[in-house]
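Note that these values count all heavy atoms, side chains included, but never hydrogens, waters or copies made by symmetry. Since the structure is predicted, the reported quantities are computational estimates derived from the model, not experimental observations.
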Amino acid sequence: MAKSRSIALLALLLALKQLETPLTADERANLETIGEQLALDPDDWDYIQEGLMAVIQQNPELDRLFQTAKVQLEAIDGNIPIELLPTQQEKETELLPQCRETVTFGYTEGEPDKTSNEFVDVSINVLTQKDPSTTTKNLSFLQRILDYFQKSKS
């Protein structure tokens with residue numbers, strides 16, 4: 001479950017980063033609710049995923065981008081090279097200034113933990129922002145992952 005949750009959440013972040021059409025107020029509100037649910041009970045993934053997929057499927061562009069990212073992530077079995085994950089500095093400069101409260105990321109001092117809840121934590125932070133799509137555009141680790149998939153295609 002944790003791997004499929006991480007793949008879905010990372011696919012959502014990648015889709016939001018590439019989204020060209022702004023999200024509607026309803027979509028932003030629904031994503032914020034999903035982010036809050038994720039923060040309260042990340043283990044209730046089946047229920048949260050149902051709501052998330054409803055939001056994604058109602059936006060054709062977001063759905064297309066999400067499905068593409070999900071296929072790419074599943075092709076590598078969710079094993080993102082560690083150098084593509086957010087660094088401590090990126091977390092502090094790109095994520096923490098936007099957060100409403102102190103956040104504990106799923107990693108230990110030093111190297112990121114590939115089995116952590118890092119994408120859950122990042123997703124909560126992004127989804128609970130006023131405009132998640134704009135927030136993702138400022139996350140450089142997402143661009144590294146997109147570049148990685150572009151190079152893989154070549």
Side-chain angles (χ1 to χ4, degrees), residues 1-19 23 27-28 30-57 59 62-63 65-150 152:
M1 177 186 77
K3 185 177 271 193
S4 67
R5 179 180 61 194
S6 292
I7 287 173
L9 291 172
L10 183 54
L12 173 63
L13 295 174
L14 292 168
L16 286 169
K17 181 168 181 67
Q18 299 173 82
L19 191 66
L23 294 169
E27 289 169 330
R28 289 192 308 270
N30 290 337
L31 288 175
E32 182 175 2
T33 299
I34 290 164
E36 290 166 355
Q37 291 170 339
L38 202 52
L40 290 173
D41 191 5
D43 293 328
D44 194 7
W45 177 240
D46 291 337
Y47 174 76
I48 295 168
Q49 183 179 25
E50 193 176 299
L52 178 62
M53 293 312 298
V55 173
I56 291 170
Q57 290 168 351
N59 182 322
L62 183 60
D63 189 36
L65 293 167
F66 173 81
Q67 296 302 333
T68 300
K70 190 172 178 221
V71 166
Q72 291 171 320
L73 290 166
E74 287 171 346
I76 61 168
D77 198 26
N79 294 317
I80 304 293
I82 202 157
E83 65 272 10
L84 302 179
L85 296 175
T87 64
Q88 180 62 32
Q89 182 179 355
E90 287 170 333
K91 290 173 191 168
E92 291 170 4
T93 59
E94 296 175 2
L95 285 170
L96 292 180
Q98 301 167 17
C99 294
R100 297 180 186 161
E101 53 193 63
T102 304
V103 174
T104 303
F105 289 98
Y107 67 90
T108 54
E109 194 62 39
E111 295 298 311
D113 178 2
K114 291 174 105 175
T115 62
S116 74
N117 290 328
E118 190 149 29
F119 294 122
V120 172
D121 297 334
V122 172
S123 298
I124 290 167
N125 292 331
V126 169
L127 295 177
T128 55
Q129 297 301 311
K130 191 169 144 182
D131 187 358
S133 183
T134 300
T135 302
T136 58
K137 291 181 184 1
N138 297 323
L139 300 178
S140 51
F141 85 93
L142 292 176
Q143 189 58 54
R144 283 197 303 273
I145 294 171
L146 289 171
D147 292 345
Y148 172 80
F149 286 131
Q150 273 305 112
S152 303

Legend entry - Trace of the side chain to side chain contact (heavy atoms under 4.5 Å, CB included) decision for Asn30 with Leu52: CA-CA 8 Å; Asn30 290 337; Leu52 178 62; over 6 Å; no
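- Two residues are said to be in side-chain contact when any heavy atoms from C-beta on lie closer than 4.5 Å; Ile80 and Leu73 meet this criterion.
- Taken from CD1 in Ile34 to CD in Glu50, the straight-line distance is 10.5 Å, to the nearest 0.5 Å.
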Legend entry - Check against side chain to side chain contact (heavy atoms under 4.5 Å, CB included), Thr68 and Gln72: CA-CA 6 Å; Thr68 300; Gln72 291 171 320; 4.2 Å; yes
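- A salt bridge links Lys70 with Glu74: the distance from a Lys NZ or Arg NE/NH1/NH2 to an Asp or Glu carboxylate oxygen falls below 4.0 Å.
- The CG atom of Leu9 sits 8.5 Å away from atom CD1 of Ile124, with the distance rounded to the nearest 0.5 Å.
- In this structure, the side chains of Ser4 and Gln49 stay at 4.5 Å or more apart for every pair of heavy atoms.
- Within the 4.5 Å cutoff, the side chain of Val122 has heavy atoms near those of the Phe141 side chain.
- Val120 places a side-chain heavy atom less than 4.5 Å from the side chain of Leu38.
- In this structure, the separation between CG on Asp131 and CG on Leu31 is 10.0 Å, given to the nearest 0.5 Å.
- Residues Gln67 and Asp63 bring a donor and an acceptor atom of their side chains to less than 3.5 Å of each other.
- Note on residues 76-85: pairs passing salt bridge (Lys or Arg N to Asp or Glu O under 4.0 Å), not counting sequence neighbours, are Lys3-Asp77.
- Interatomic distance, OH of Tyr148 versus CG of Leu84, reported as 7.0 Å (0.5 Å rounding).
- Evaluation of the salt bridge (Lys or Arg N to Asp or Glu O under 4.0 Å) test over residues 132-149, restricted to residues two or more places apart or in two chains, returns Glu90-Arg144.
- Put simply, the side chain of Phe119 does not reach to within 4.5 Å of the side chain of Ile7, judged on heavy atoms.
- Within the 4.5 Å cutoff, no side-chain heavy atoms of Leu139 are placed close to those of Lys17.
- How far CG of Asp43 is from CZ of Arg5: 6.0 Å, rounded to the nearest 0.5 Å.
- With Leu65 as reference, Leu19 is the one residue of Leu14, Asn59, Leu19 to meet the side-chain contact (heavy atoms from CB on, under 4.5 Å) rule.
- Taking CD of Gln37 as the start and CH2 of Trp45 as the end, the distance is 10.5 Å to the nearest 0.5 Å.
- Leu16 places a side-chain heavy atom less than 4.5 Å from the side chain of Leu127.
- Inter-residue side-chain proximity for Leu12 and Thr136 is flagged as unmet; no heavy-atom pair is nearer than 4.5 Å.
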